**Q** 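Just passing along the structure, written as structure tokens.
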Amino acid sequence: MTTASPTSVDSTPIPDGTDPGGGVLGGRYRALTLGIVSVVLVIAFEATAVNTAMPTAARQLNGLGLYAFAFSGYFTTTLFALVVSGQWCDRRGPLRPLFTGIAVFGAGLVVAGTAPGMWVFVAGRAIQGLGGGLVIVALYVVVGRAYPERLRPSVFAAFSSAWVLPSIVGPLVSGAVTQQLGWRWVFLAVPVLILLPLAVMGPALARSEREHPVLRGADFDRRRTLLAAMAAVGAGLLQYAGQRRDLVGLLPGIAGAVLLVPAVLGLLPKRTLRAGRGLPTVILLRGVAAGAFFAAEAFIPLMMTTERDFSPTLAGLTLTSGGLSWALGSWLQGRPGAERYRGAMIRGGFVLTAVAIAGAALVLIPAVLSWTASVAWGVGGVGMGLTVASVSVLMMRLSAPEDAGANSAALQMSDALGNVLLTGLAGVLFAALGGGSLAAAHEGAGGGGSPAAFAVILLVMASVAVLGALLSGRVRARA
């Protein structure tokens, strides 16, 4: 459930008195709102569907050893696309990057759906990441430019709500398609769904572009673009080196670190990696939360199919509770009077996330009931809803108006980096502990995988969440 924000948004307020369209579903904004929500809905459905279909795809492509790459590859290219899209929107407006991103996202789905082998499948996921990064930033710019300030919270609430239905329906549909037609149709059918939001949103977005043209075409920040490219390439090299685990992988591993470290230092606020009090820790915690939760989530469907002999549908449904309870956690942190407990909610959210990840690992014990994983993930969703929303609120409060865009972009960069690095680490652990062997792949339909690999991954991610809880006391700067 990652989101993204532009590096800067030309969001000249529209005075409420000149807003004849009423609410977000009023006559002026209805088509645009429905189109935006439809795009988020398609992205959300694709994300939940992929979690369900991925174990089957990896086994049939003989690629369990590259299982984590299929997830981290998406976020690796997203690192680059986030920065490019933000600057493109500033220069030309959001229309071009949005529609380009949708086209690239669809192309990536086709590549993945027709892949003859796992590496091509991973390449398709990487192409999807480029498109997804372009799209999500452009959507935020559209909200900032087209809606008056009083309506923006309602639009962002609709973003979150758009994940609820896919969380319920996505695993059911994806599982049924995977079992009856094959996993490839999970990917090949989604591009058709993209046509609906394009048809609904296109005219309204074009009108918004005419009414709110870009007043100044900002130049591309070549240094920032280069840093984003360095981060993406460096993360990819580190993941490749981790998969090799031999002397041959040493050179790309060193090269990846040389590229990634200075890029991260240049893209994130100072003292972020040292958990400096205030904003630096807030930015850091976003990556810690997202990385721990989604790295664990990526392996739960595979664990349920290999260790509990679940069908793809049932394995995907294990994660449904997390999507629903995430919305509950987000709602709780926004209740009146909750503001005074913001730091405590972040800490409590991390604790709930750690408990959930560790609880999901309990299903590796034969005597534990299978539905324990679903209950645990429901607890984790509440924790993530509390943490992610509270971190976003604190980031905006700690940002000067002229820095809000850049800090929002840094928050999303931290999110993507956390996903890339911790999912990559999970992949290294999975391969090193035998989870990706061909023997495990062929035996995976009956519990022939590697329980130790899943146990280590989940316990490591639970420990990362505990670390987030310990660091949460640093979100407030000293007076």
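Residue numbers count from 1 along this sequence. Bear in mind that the values here come from a model prediction, so they are computed numbers and not experimental data.
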**Q** With no hydrogens and no angle check, is any side-chain donor or acceptor of T281 less than 3.5 Å from a backbone partner on G276?
**A** yes

**Q** Any side-chain to backbone donor/acceptor pair from R125 onto A112? Under 3.5 Å, distance only.
**A** no

**Q** Any side-chain heavy atom of R271 within less than 4.5 Å of one from L279?
**A** no

**Q** Is any side-chain heavy atom of D415 closer than 4.5 Å to a side-chain heavy atom of L411?
**A** no

**Q** Which pair of non-hydrogen atoms, one from A231 and one from L260, has the smallest distance, and what is that distance?
**A** O-CD1, 3.5 Å

**Q** Answer whether the closest heavy-atom distance between the side chains of N419 and T78 falls below 4.5 Å.
**A** no

**Q** Do V111 and F121 touch side chain to side chain, with heavy atoms closer than 4.5 Å?
**A** no

**Q** On a heavy-atom basis, which atom in M303 and which in A360 lie closest, and how many Å separate them?
**A** CE-O, 3.6 Å

**Q** Looking at G133 and A81, what are the two nearest heavy atoms and their distance?
**A** CA-CB, 3.8 Å

**Q** Please confirm whether the backbone N or O of L328 pairs with a side-chain atom of S325, one donor and one acceptor, at under 3.5 Å?
**A** no

**Q** How many angstroms lie between CG in L386 and CZ in R347, if you round to the nearest 0.5 Å?
**A** 13.0 Å

**Q** Counting distance only, does the side-chain N/O of T272 pair as donor-acceptor with the main-chain N or O of P269 below 3.5 Å?
**A** yes

**Q** Looking at every non-hydrogen atom in both residues, tell me the closest pair between I346 and T387 and how far apart they are.
**A** O-OG1, 3.5 Å

**Q** The test is side-chain contact (heavy atoms from CB on, under 4.5 Å); show your working for Q128 and F187 and say whether it passes.
**A** CA-CA 11 Å; Q128 282 182 252; F187 292 86; 4.1 Å; yes

**Q** With a 3.5 Å distance limit and no angle check, can you tell me whether T318 reaches the backbone of A373 through a side-chain donor-acceptor pair?
**A** no

**Q** Mind telling me whether W326 and F293 have parallel, tilted or perpendicular rings, with 30° and 60° as the class edges?
**A** perpendicular

**Q** Please check if the distance between the ring centroids of F299 and F294 is under 6.0 Å.
**A** no

**Q** Between the main-chain N or O of A49 and the side-chain N or O of S174, is there a donor-acceptor pair closer than 3.5 Å?
**A** yes

**Q** Between M461 and L422, does the side-chain contact (heavy atoms from CB on, under 4.5 Å) criterion hold? Intermediate values first, please.
**A** CA-CA 8 Å; M461 297 309 151; L422 290 180; 4.2 Å; yes

**Q** Are the side chain of T372 and the backbone N or O of V363 linked by a donor-acceptor pair below 3.5 Å?
**A** no

**Q** Does the side chain of S390 pick up a donor-acceptor pair with the side chain of R342 at under 3.5 Å?
**A** yes

**Q** Under 4.5 Å between any side-chain heavy atoms of D309 and T305, yes or no?
**A** no

**Q** Taking all atoms of both residues into account, what is the closest heavy-atom pair of V464 and A292, and its distance?
**A** CG1-CB, 3.9 Å

**Q** Compare every heavy atom of I457 with every heavy atom of F430, then report the nearest pair and how far apart it is.
**A** CB-CD1, 3.7 Å

**Q** Between V288 and F350, does a side-chain contact (heavy atoms from CB on, under 4.5 Å) hold up when you go through it step by step?
**A** CA-CA 9 Å; V288 172; F350 271 112; 3.9 Å; yes

**Q** Can you sort out the partners of R184 under salt bridge (Lys or Arg N to Asp or Glu O under 4.0 Å), two or more places apart, ordered by chain and number?
**A** none

**Q** Side-chain contact, heavy-atom cut-off 4.5 Å: V186 with V50?
**A** no

**Q** How long is the gap from CD1 on I136 to CD1 on I43, to the nearest 0.5 Å?
**A** 5.0 Å

**Q** Looking at side-chain heavy atoms only, is the closest gap between L109 and I127 below 4.5 Å?
**A** no

**Q** Measure from the side-chain N and O atoms of T76 to the backbone N and O of A235, and report whether any donor-acceptor pair falls under 3.5 Å.
**A** no

**Q** Less than 4.5 Å apart, any side-chain heavy atom of P166 and any of L41?
**A** yes

**Q** Between atom CH2 of W183 and atom OG1 of T56, what is the distance when rounded to the nearest 0.5 Å?
**A** 10.0 Å

**Q** When rounded to the nearest 0.5 angstrom, what is the spacing between CD in E46 and CZ in F105?
**A** 4.0 Å

**Q** Hey, mind stepping through L302 and M54 against side-chain contact (heavy atoms from CB on, under 4.5 Å) and telling me if it holds?
**A** CA-CA 8 Å; L302 182 62; M54 192 69 75; over 6 Å; no

**Q** To the nearest 0.5 Å, how far apart are CG in L332 and CE in M345?
**A** 9.0 Å

**Q** Is a donor on one side and an acceptor on the other found under 3.5 Å between the side chain of S85 and the backbone of L134?
**A** yes

**Q** Nearest 0.5 angstrom please: L79 CG to L267 CG, how far?
**A** 8.5 Å

**Q** Under a plain distance cut-off of 3.5 Å, with no hydrogens placed, do W377 and E297 share a side-chain donor-acceptor pair?
**A** yes

